**Student:** 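Would you mind keeping the following structure in view while I ask a few things?
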Protein chains: 2
Amino acid sequence: MRLRGGARARTTLSDVARKAGVSPITVSRALREPHKVSDKLRETILGVVDEIGYVPNFAARALASRHSGIIAVLGPVLGSPGFSPVASGIEDRFQAGELRTQFANIGLDASEEARQLNLFVAQNPAGIIMESVAEFPVNRPLIDEIDCPVVQMMDTSLEPLDMGIGVCHRSAAKLAVRHLLSKGYSKIALLGGNKDIRSRRRFEGYREALSDAGLYQPGYVFDTEGRNSVADGHSLMRCINSRYPEIDAVFCHDDELALGALFAASQLGLRVPEDLGICGYNGLHFSGVDDPPLTSVSLPLYEIGFKAAEMLMAALASGERKEGAVELEVALVEGASTRR
Amino acid sequence: MRLRGGARARTTLSDVARKAGVSPITVSRALREPHKVSDKLRETILGVVDEIGYVPNFAARALASRHSGIIAVLGPVLGSPGFSPVASGIEDRFQAGELRTQFANIGLDASEEARQLNLFVAQNPAGIIMESVAEFPVNRPLIDEIDCPVVQMMDTSLEPLDMGIGVCHRSAAKLAVRHLLSKGYSKIALLGGNKDIRSRRRFEGYREALSDAGLYQPGYVFDTEGRNSVADGHSLMRCINSRYPEIDAVFCHDDELALGALFAASQLGLRVPEDLGICGYNGLHFSGVDDPPLTSVSLPLYEIGFKAAEMLMAALASGERKEGAVELEVALVEGASTRR
DNA sequence: GTGAAAGCGCTAACAT
DNA sequence: ATGTTAGCGCTTTCAC
C-alpha cells in the first residue's frame, strides 16, 4: 500500500526563508513567536507564507520540539449528550491557543483505555484529560510513566492520578433517592447499569440512602443492555411495570433513560408523578419534550470540562505535575416528575 | 508554558537495537514488516521491546515516512445519531489495520471546513473522508492540492472530488413526499433547515414532488433554529399547528425532528396518522419510543461509511487518485405514522 | 533581533 | 536477511 501522496513536494520552511531572504529559524520564529521578530521582517515573511501557501509540517515540529501540541481527551462515551457539555467546556478553554484537542473513545473497557493511552503516548501529547473507566487503578503504572500532566475527570472517588476534577457520584445519587423518599415514594427502583465505576458509585449511593430508610430491595435494581438510552429506558420501564407493578418511583442513571421511562409510563397509563415518580441524572434539558418536565440531579458538566482544561494549562505553565482533586457541587433540580 | 514532559528521556528504537545487538533498521522492520526479519531475531527484538517498554514515536515515523497513518474524517455533525452508523462503517473497515482514523467537526461552515482541511494537511494524512458542507466547491482548489486520496461522502449531487459515495437526497425526498401524497395527504409541510447542501437537496425534492402535484406552498416550509432536533421538532410542530392548522402531513429533515413532531402531535391531541402524517429521514430506530412507529426514508448509512473506507483503501493500494462516484439506493420504510 | 550548527527518532534507498 | 547512509522539516542551543 502506497501511503504517501503524490509527487508534488510540499513547500517547506526553507522555501519561505529563501524567498524572504532570511534564515529558516527566523521564519519559524515569525510564525510561533512573532514578537521576537522585527515588524518589517515579520510582515515580509507572513506575506511570503501567504503567497506560496506554506503549511507547517506538524510531524517535524513535534519531532524537533518534543511535543505535539495535542491534548488527548479520553472518555467512555464521547458521543453521548451528557459528555457534550464537558467537551464544550474543554474546547472553550483551549480556544485560540496553540493546543489542539483530540478525542478518543475508550468504551467501557480498561484494556481499551490502556491501548488508547499508549497510542497517545506515541504522539507525545502535551497533556491528557481522561474519564477513566477502570474500577481499580490498573492503568496507574502506565499513567505514572507518562511524560505529561494528566487530569482525571468526573469522579472524585478514584484514587487521584495527578489532578482530578469532578463530583461525588455517591452523594449525588443519595441526594436523588432522598428527594424521592421525601416526596413519599417508597418502592424505588434503580434503572441503569453497573457498567463503570461512576455507575457503581451511583448504585452505592442509591443503596445507602434506601438502606438507611430500611427500604433497600436488591430486586429493584435493573441493568440496561444497550447504548440507546432512551429506548433502553423505555423497554426497561415496561418490563419493570409488568414484573413489579408495586414500584412507585425510579431513579435513572441518566436523563435519557429517564426520558424513555417517562414515555413508557405514559403509554402504560401510569400518571407521573402521581403513580410513578421519575428522577434523572445529569441535568440535561429536553425543552418540553419531557412532559411533565423531569426532575434530575444536575451536574456542572460544562464547568468540569472547562476547569479540567484550566488545571491542565496551569500545570503546563508551571512545568510541574501537580496533585490535587477538586470536587464540585451537584444540585437537585425539581421538575414535575416527582411532585406530589 | 513548558509543553515538554518531564526529564525522563523516552526509550528509542536505538535503545532497543543496542540491547538486542542489531541495527536500528532491523528493529524498525521487526515492528512494521515482521515477515522481513528472521524468526529468531524477531523474537529477541520483540522481547526487548516488551522488556524496556518501547513505544514508537509517531512524529519521527511520520516525518521519515512522509505519511502519518491518519485517516481524517470530516463532517458537519459527527455526534449526531445519523452520523454514528457512518462512523461505525468507517471504523469497521479500517479495523486492525495500520491506519488510525481521526474525526473532526466542521459544523455547517465552509470556512471551518477549509480550516480543518488545512490542519489535517499539516499532518500528512494518508487519506481524507469528508462530508462537505460547501454548496459551491469553494474548497475544491484546496482539495486538489492535497497529496492524498479524498472520498466525498453522502451526497452524489456535488461535483465529485476524487471519489464519491452517497445517495441522491433530492430523489430520496421526492420518494418521501410522493409516499405522503399516495396516502391522501395534500397539505404537506417541510420541517428542517436550509442549512447545508444536503438539506437544500431535500428541499428541492420536496418542492419538485409537490409542484408536480400542483400542491407546493412556500409558506409550508419551516426552518429550525437549534441543533437539538427532538426539541426542535417538538416546538416547530406546535408552532405549525397554531399557525397552519390545515396542514395534514409533515416531512422532516431527520428522524429526530420527526420524533419531536410526533410527541407534539400527541400532546396537541392530533391523531397520527389519521389527523397528521409524519415521515422522517435516515431510517433510525427508536425501539418503540416512537408510538406509532415512524415512517422514514432509510439511507444505507453504515454502508456509506464502510464503502467510503473501502474506496480509500483501494486508492491507497493502487497508489492513484481515482475518480468516480457511487450512488447507493434509498428505501421508504413504512411505519404506522403515515398509514391511512 | 538574527543566524549557524546540530539533532529530534525514525525510515527510504541502496548496499551487502 | 541485515546493515549503512542519508535525510525527512523543523526547533533547540548557542553565538553574534
Side-chain angles (χ1 to χ4, degrees), chain A residues 1-5 7-45 49 52 54-69 98 121-124 126 147, chain B residues 1-5 7-45 49 52-69 98 121-124 126 147 319:
Chain A
M1 179 154 28
R2 211 192 60 145
L3 293 172
R4 267 183 290 176
R8 197 166 354 92
R10 284 249 307 273
T11 58
T12 70
L13 202 74
S14 302
D15 296 334
V16 178
R18 204 171 310 119
K19 190 138 190 184
V22 297
S23 74
I25 184 62
T26 305
V27 178
S28 176
R29 286 199 188 102
L31 259 35
R32 292 174 304 118
E33 305 163 299
H35 60 279
K36 290 195 178 172
V37 175
S38 68
D39 291 5
K40 187 164 159 293
L41 228 44
R42 185 177 348 110
E43 217 166 289
T44 317
I45 291 170
V49 165
I52 69 178
Y54 166 71
V55 179
N57 180 323
F58 285 176
R61 187 176 271 185
L63 183 58
S65 70
R66 259 87 84 209
H67 74 85
S68 61
E98 64 205 88
V121 169
Q123 292 181 68
N124 288 322
D147 252 6
Chain B
M1 175 154 28
R2 212 193 59 148
L3 293 172
R4 265 182 290 177
R8 196 167 357 91
R10 284 249 307 272
T11 58
T12 70
L13 201 76
S14 301
D15 296 334
V16 178
R18 203 173 310 119
K19 191 139 190 183
V22 298
S23 76
I25 187 64
T26 305
V27 178
S28 176
R29 287 200 189 101
L31 259 35
R32 293 174 306 118
E33 307 162 297
H35 60 279
K36 290 195 177 172
V37 175
S38 68
D39 291 5
K40 187 162 159 296
L41 226 44
R42 187 179 343 111
E43 217 166 289
T44 319
I45 291 170
V49 165
I52 69 179
Y54 167 71
V55 179
N57 181 323
F58 285 177
R61 189 176 270 186
L63 184 58
S65 68
R66 258 86 87 210
H67 75 86
S68 61
E98 66 204 86
V121 168
Q123 292 182 66
N124 287 323
D147 252 4

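Remember, predicted model here, so these are calculated numbers, not experimental data. Every chain is numbered from 1, with letters handed out A, B, ... down the list of sequences.
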**Student:** For A/Glu33 and D/dT12, what is the distance between atoms CD and C1' respectively, to the nearest whole Å?
**Tutor:** 11 Å
**Student:** Could you list the residues that satisfy salt bridge (charged side-chain N to carboxylate O under 4.0 Å, His left out) with A/Arg42, not counting sequence neighbours?
**Tutor:** A/Asp39
**Student:** Check the distance between D/dG9's P and B/His67's NE2 and give it to me in whole angstrom.
**Tutor:** 14 Å
**Student:** Closest heavy-atom contact between A/Thr12 and A/Tyr54?
**Tutor:** C-CE1, 3.5 Å
**Student:** Taking only side-chain N and O atoms of A/Arg61, does any of them lie within less than 4.0 angstrom of OP1 or OP2 on D/dT12?
**Tutor:** no
**Student:** Reading nucleotides 2-8 of chain C 5' to 3', which nucleotides get B (base under 4.0 Å from a protein heavy atom), which S (sugar-phosphate only), which -?
**Tutor:** BB---BB
**Student:** Could you note down all residue pairs passing salt bridge (charged side-chain N to carboxylate O under 4.0 Å, His left out) where residues 22-33 of chain B supplies at least one of them, sequence neighbours left out?
**Tutor:** B/Glu33-B/Lys36
**Student:** Taking atom C1' of D/dG9 as reference, at what distance in whole Å does atom CZ of A/Phe58 sit?
**Tutor:** 13 Å
**Student:** Not counting sequence neighbours, which residues clear side-chain contact (heavy atoms from CB on, under 4.5 Å) with B/Asn57? List them please.
**Tutor:** A/Leu63, A/Asn124, B/Arg10, B/Ala59, B/Ala60
**Student:** Let me know the distance between CZ of B/Arg32 and C1' of C/dG9, rounded to the nearest Å.
**Tutor:** 12 Å
**Student:** CD1 of A/Ile45 versus P of C/dG1: gap in Å, rounded?
**Tutor:** 13 Å
**Student:** In chain order, what residues pass the side-chain contact (heavy atoms from CB on, under 4.5 Å) check against B/Thr26, with sequence neighbours excluded?
**Tutor:** B/Val22, B/Ser23, B/Val37, B/Leu41, B/Ile45
**Student:** Roughly, in whole Å, what's the span from CG in A/Leu13 to C1' in D/dT11?
**Tutor:** 9 Å
**Student:** Run the salt bridge (charged side-chain N to carboxylate O under 4.0 Å, His left out) test against B/Arg18 and tell me which residues pass, sequence neighbours left out.
**Tutor:** B/Asp15
